[in-house]
Protein chains: 2
Amino acid sequence: MTGYPSPDMSDVELVDVLRALADPVRLHVVRLLANGEPRAKALDEWGLDLTKSTMAHHFRILRESGLTNTIVDGRTHAVQLRRAELDERFPGLMASVIGDGRS
Amino acid sequence: MTGYPSPDMSDVELVDVLRALADPVRLHVVRLLANGEPRAKALDEWGLDLTKSTMAHHFRILRESGLTNTIVDGRTHAVQLRRAELDERFPGLMASVIGDGRS
DNA sequence: ATGATTGTTCGACGATCGTCACACAGTTGA
DNA sequence: TCAACTGTGTGACGATCGTCGAACAATCAT
């Protein structure tokens, strides 16, 4: 049901999380995941004009950095922000990054 | 007295700040600046084994991203974190990035 | 003036990054 | 069984990044 390995949060380094967030596409994705709900990886879920392989690349970086989990169900995959764990490891970071309307 | 142009904080984009922070050297520098006090650019102030030109490169990125100011005094320069402005623009971000002891 | 000091800028280099097309693997449904 | 579908992996490409040495500019002390 839940597939693909994500690192233990205790092994996650802040600088790697920041590197994962330091890209417009991935920051956008993380913001759409702010509410903690899983979201399908399907291209039309993200409002981005990128190819499958490019999105797969970004999803991989998000997962390997510790930001997300991948949930596999049949042939569809979903991504979920590891909000609670991230809040414990890096208090305030997600809140400030997800932030409000300021670009 | 205060030299080299820093961007208006209202023009600073979060993704650019994150990109500036997403490097071990610059994250280290920002943490040493956490208290808001200026710090000389002199190499021995940072405990890093890098050349002058490399440090100048990192200081430039920090300044252009909006994270720091440069204070010129004679032939010595100092860097200062724009803490108050950053806190207003991105509440909680600096606090979470500067954080505590977790690597 | 002259030489030492502090820091920037330039050009180069290898490494990493973001993107794509293509081939591949697993799941679903007819 | 077989075709369609969803997503991953590979290899390539240009662009950006981090680093360095060397040249330069500005300031200070003598």
Practice task
May I ask you to decide whether E64(A) forms a salt bridge with R60(A), counting only side-chain N to carboxylate O separations under 4.0 Å?
Solution key: yes
Exercise for the section: Check the hydrophobic clustering (I, L, V, M, F, W, Y; side-chain heavy atoms under 4.5 Å; chains of links allowed) and say if L18(B) and I61(A) are grouped together. Expected result: no
Handout entry: Protein-nucleotide distance (M55(A), atom CE; dA21(C), atom P), rounded to Å
Key = 15 Å
Problem - Euclidean distance, atom NE2 of residue H28(A) to atom C1' of dG18(C) [Å, nearest integer] - result: 17 Å
Handout entry: Between C1' of dT6(D) and CZ of F59(A), the distance in whole Å
Key = 12 Å
Exercise for the section: Whole angstrom is fine here: how far is it from CZ in R63(B) over to C1' in dT9(C)? Expected result: 12 Å
Problem - Residues forming a side-chain contact (heavy atoms from CB on, under 4.5 Å) with T54(B), sequence neighbours excluded - result: L50(B), T51(B), H58(B)
Problem - Side chain to side chain, T70(A) and F59(A), heavy atoms closer than 4.5 Å - result: no
Completion exercise
Regarding the side chain of R26(B), the nearest nucleotide among dT8(C), dT6(D), dG18(D) is dG18(D)
Handout entry: Contact letters for nucleotides 19-30 of chain D, in which S counts primed atoms plus P, OP1 and OP2 and B counts the base, heavy atoms under 4.0 Å
Key = BBBB----BB--
Exercise for the section: Taking atom CG of D11(B) as the centre, report whether more than 12 heavy atoms of other residues, nucleotides or ligands fall under 6.0 Å from it. Expected result: yes
Problem - Nearest-Å distance for atom pair CZ/C1', residues R39(A) and dG7(D) - result: 18 Å
Exercise for the section: Count the heavy atoms of every other residue, nucleotide or ligand shown that sit under 6.0 Å from CG of N35(B), and state whether that count exceeds 12. Expected result: yes
